[in-house]
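The structure appears right after this line, and notes come after that.
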Amino acid sequence: MLKHSLQFKLSQKLSPQQIQLMKLIQLPTQAFEQRLQEELVENPALEESSKEDNYEADDYEVNTNDDDYDDYDNDHIDTQDINIDEYLSNDETPDYKYQTNNYSDDDDDKSLPFAAPVSFHQDLINQLNTFILSDDERDIAEFLVGSIDDMGYIRRTTQDIVDDMAFTQGIYTDEATVERILHLVQDLEPAGVGARDLQECLLLQLKHKTPSDSINLAIQVIEQQFDAFSKKHYDKLLQKFDVSQQQLRKAIDEIEKLNPKPGGSFDGNQKMVEHIVPDFTIRIVDGELELLLNGRNAPELHVSKDYQEMLQSYKDTSEKSSSQKDAVQFIKQKLDSAKWFIDAIKQRQETLYVTMNAIMFYQQEYFLEGEETKLRPMILKDIADMVGLDISTVSRVANSKYVDTPYGTKLIKEFFSESMTNDQGEEVSTIEIKNILQQVISEEDKKKPLPDDQLAEILKERGYPIARRTIAKYREQLDIPVARLRKKI
């Protein structure tokens with residue numbers, strides 16, 4: 001069993017430094033880079049070495065073999081009773097350097113180019129500028145646009161909007177005028193924007209389409225029988241509109257092409273989607289697994305030479321004024337913070353590496369072969385026991401980090417799963433069971449989708465005795481609706 005020595009000696013009450021360290025560990029690569037930049041701005045005593053700087057430093061290595069480790073004490077992170085001489089070294093470089101084989105060659109990739117997108121609401125305002133409106137109409141229209149949420153809806157009554165404009169903007173109008181301007185706003189792109197509810201949203205989109213028999217029937221279904229459509233009561237719809245199954249199917253196909261969240265699809269909102277940067281890379285080299293930590297997590301930092309010189313100047317001064325003493329206290333505070341941050345980053349890298357290394361070895365068969373059936377049941381405690389860390393620390397590493405594998409980029413927490421026993425007495429991962437459940441549902445007859453009790457029977461026949469309520473839980477976790485809502489005409 002793989003063993004590691006890195007241990008955090010956490011008491012019940014964490015110190016402020018320990019809390020900050022936990023927060024650093026939780027950050028994925030991009031958020032960590034942002035946090036680093038914030039620290040560099042806030043603390044002038046902390047500086048980042050450029051590639052041109054030629055500092056001599058010891059390489060930082062993480063031991064990953066199967067031997068026992070010595071205990072690692074993190075108490076050295078506390079900084080008290082500072083001796084000025086500690087900061088007067090000629091060597092500006094920290095006692096570690098993250099450029100070894102444990103790190104990927106992403107050091108040059110310090111920033112990603114992003115276009116500056118126009119926001120969803122600004123795009124709507126830009127479209128409004130093409131309309132010929134009076135000043136009062138434009139004020140109302142812009143207020144309505146401001147009332148649209150990120151999904152594209154106005155979730156307020158017309159009367160509420162009238163009252164709000166009067167109280168907050170000094171715009172006095174009536175409901176009829178607001179409704180008239182709202183219809184103009186609802187003509188903006190994307191279609192469906194400015195709707196008050198889902199039914200209106202779908203109708204707006206259908207009415208934007210080129211008229212046809214299928215579109216006309218779809219409009220009737222949404223206008224007159226929205227409840228029956230939502231519950232997939234197709235027999236009632238066939239009877240109500242006196243159409244064939246093929247005609248109704250074409251109409252429903254048109255409805256299913258619509259976007260229930262028109263604001264969410266706006267291209268400019270892509271700025272809200274975090275670009276995934278893998279925190280780790282796993283490679284297979286000569287049949288062996290190799291783990292790399294993204295080099296962007298490994299900045300080269302040092303204490304400012306200017307601040308060291310200021311301390312030297314203070315030390316050399318024979319008569320020290322009150323203002324000088326105040327200044328040196330400020331300098332020492334910043335140097336304390338810089339030293340702590342450098343040390344905390346080192347501990348962050350160690351924690352990330354040993355935790356992911358343990359996960360890699362625990363799921364070795366999967367990472368070598370790529371078959372999800374090879375994933376072993378694994379809980380946070382399994383990894384915490386292997387590396388000697390607290391469960392909450394392992395959770396912070398797993399919950400927000402990604403690993404680039406030969407089989408795609410994966411969220412680390414997806415490798416964790418509980419176990420159950422199959423009919424052969426073997427422990428299997430719930431991931432395997434969910435995959436089989438998903439496959440069964442994808443192959444079912446959509447005219448007669450399988451209810452949960454039948455799904456439980458099918459999995460039992462395949463060697464997985466699972467209760468119906470467990471099937472329901474797994475189905476919900478897979479975001480698969482109940483049988484009635486999976487029905488197709």
Side-chain angles (χ1 to χ4, degrees), residues 113-227 229-230 251 253-274:
F114 286 103
V118 176
S119 72
F120 172 47
H121 290 87
Q122 185 58 51
D123 182 70
L124 296 177
I125 293 294
N126 292 344
Q127 293 181 60
L128 273 182
N129 291 336
T130 65
F131 287 45
I132 299 175
L133 301 171
S134 68
D135 290 344
D136 289 344
E137 289 173 334
R138 185 168 301 280
D139 288 342
I140 295 171
E142 291 183 356
F143 188 89
L144 288 171
V145 166
S147 300
I148 295 174
D149 64 20
D150 289 338
M151 293 298 101
Y153 288 83
I154 293 179
R155 304 185 190 274
R156 308 174 66 190
T157 66
T158 306
Q159 185 59 57
D160 284 344
I161 292 172
V162 170
D163 292 342
D164 200 4
M165 283 193 293
F167 288 129
T168 64
Q169 306 295 318
I171 301 172
Y172 298 96
T173 183
D174 53 42
E175 290 187 49
T177 303
V178 170
E179 285 286 343
R180 178 172 60 83
I181 302 300
L182 177 59
H183 290 318
L184 293 177
V185 172
Q186 290 175 341
D187 284 335
L188 303 177
E189 295 292 339
V193 72
R196 272 72 64 89
D197 54 39
L198 177 60
Q199 183 179 14
E200 185 177 28
C201 179
L202 298 179
L203 279 173
L204 288 171
Q205 293 179 64
L206 286 170
K207 290 176 180 180
H208 269 71
K209 290 181 174 287
T210 303
S212 67
D213 290 342
S214 296
I215 295 296
N216 292 336
L217 178 56
I219 291 174
Q220 287 181 289
V221 167
I222 298 301
E223 278 186 331
Q224 302 174 28
Q225 293 293 322
F226 182 70
D227 187 58
F229 164 76
S230 300
D253 286 344
E254 292 291 346
I255 297 171
E256 290 180 343
K257 293 176 186 176
L258 306 177
N259 186 355
K261 299 176 181 178
S265 64
F266 180 68
D267 288 342
N269 284 356
Q270 289 178 0
K271 65 182 174 56
M272 300 170 61
V273 179
E274 183 179 2

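Note that these values count all heavy atoms, side chains included, but never hydrogens, waters or copies made by symmetry. Count residues from 1 along the sequence.
- Atom OG of S134 and atom CD1 of I140 lie 7.5 Å apart (nearest 0.5 Å).
- Of the inter-residue distances, the one linking E254 atom CD with I215 atom CD1 reads 3.5 Å to the nearest 0.5 angstrom.
- Looking at E142, R155, H121, R156 one by one, the single match for side-chain contact (heavy atoms from CB on, under 4.5 Å) with S147 turns out to be R156.
- Taken from CG in L206 to CD in Q220, the straight-line distance is 11.5 Å, to the nearest 0.5 Å.
- Closest of all the heavy-atom pairs between N216 and P211 is OD1-CB, 4.4 Å.
- Contact check for K257 versus Q205: no side-chain heavy atoms found under the 4.5 Å cut-off.
- A 4.5 Å side-chain heavy-atom check between E200 and L203 finds every atom pair outside the cut-off.
- Side-chain atoms of E175 and T158 form no donor-acceptor pair, as typed in the model, at a separation below 3.5 Å.
- Nearest heavy atom pair, residue A218 against residue I255, reads CB-CG1, 3.7 Å.
- What you find for G152 and P262 is that their closest heavy atoms are CA-CG, 4.5 Å.
- For the residue pair D227 and S230, no side-chain donor N or O sits within less than 3.5 Å of a side-chain acceptor on the partner.
- With rounding to the nearest 0.5 angstrom, the CE atom of M165 is 8.5 Å from the OG1 atom of T168.
- No side-chain donor-acceptor contact under 3.5 Å links Q199 to the backbone of F226.
- Side-chain contact between L133 and L184: present, with at least one pair of heavy atoms (C-beta onward) separated by less than 4.5 Å.
- The environment of CG in D213 is sparse: at most 12 heavy-atom neighbours from other residues, nucleotides or ligands sit within 6.0 Å.
- I148 is not listed as a side-chain neighbour of Y153, based on a closest heavy-atom distance of 4.5 Å or more.
- Closest non-hydrogen pair, F120 versus G263, comes out as CZ-CA, 3.6 Å.
- Around CG of N129, the count of heavy atoms belonging to other residues, nucleotides or ligands within 6.0 Å exceeds 12.
- Between V162 and T173 the shortest heavy-atom distance is CG1-O, 3.6 Å.
- Comment: K207 engages E223 in a salt bridge, judged by a side-chain N to carboxylate O separation of less than 4.0 angstrom.
- Remark: K209 engages no residue in a salt bridge (Lys or Arg N to Asp or Glu O under 4.0 Å) (not counting sequence neighbours).
- Here CG of L124 is found 11.0 Å from CG of L144. Values are rounded to the nearest 0.5 Å.
- Across all non-hydrogen atoms, the minimal contact from V221 to F229 is CG1-CB, 3.8 Å.
- Using modelled atom types, no side-chain atom of Q169 and backbone atom of I171 make a donor-acceptor pair closer than 3.5 Å.
- Side-chain contact check for I154 versus I161: some heavy-atom pair is nearer than 4.5 Å.
- With rounding to the nearest 0.5 Å, the separation of SG in C201 from CZ in R196 is 12.0 Å.
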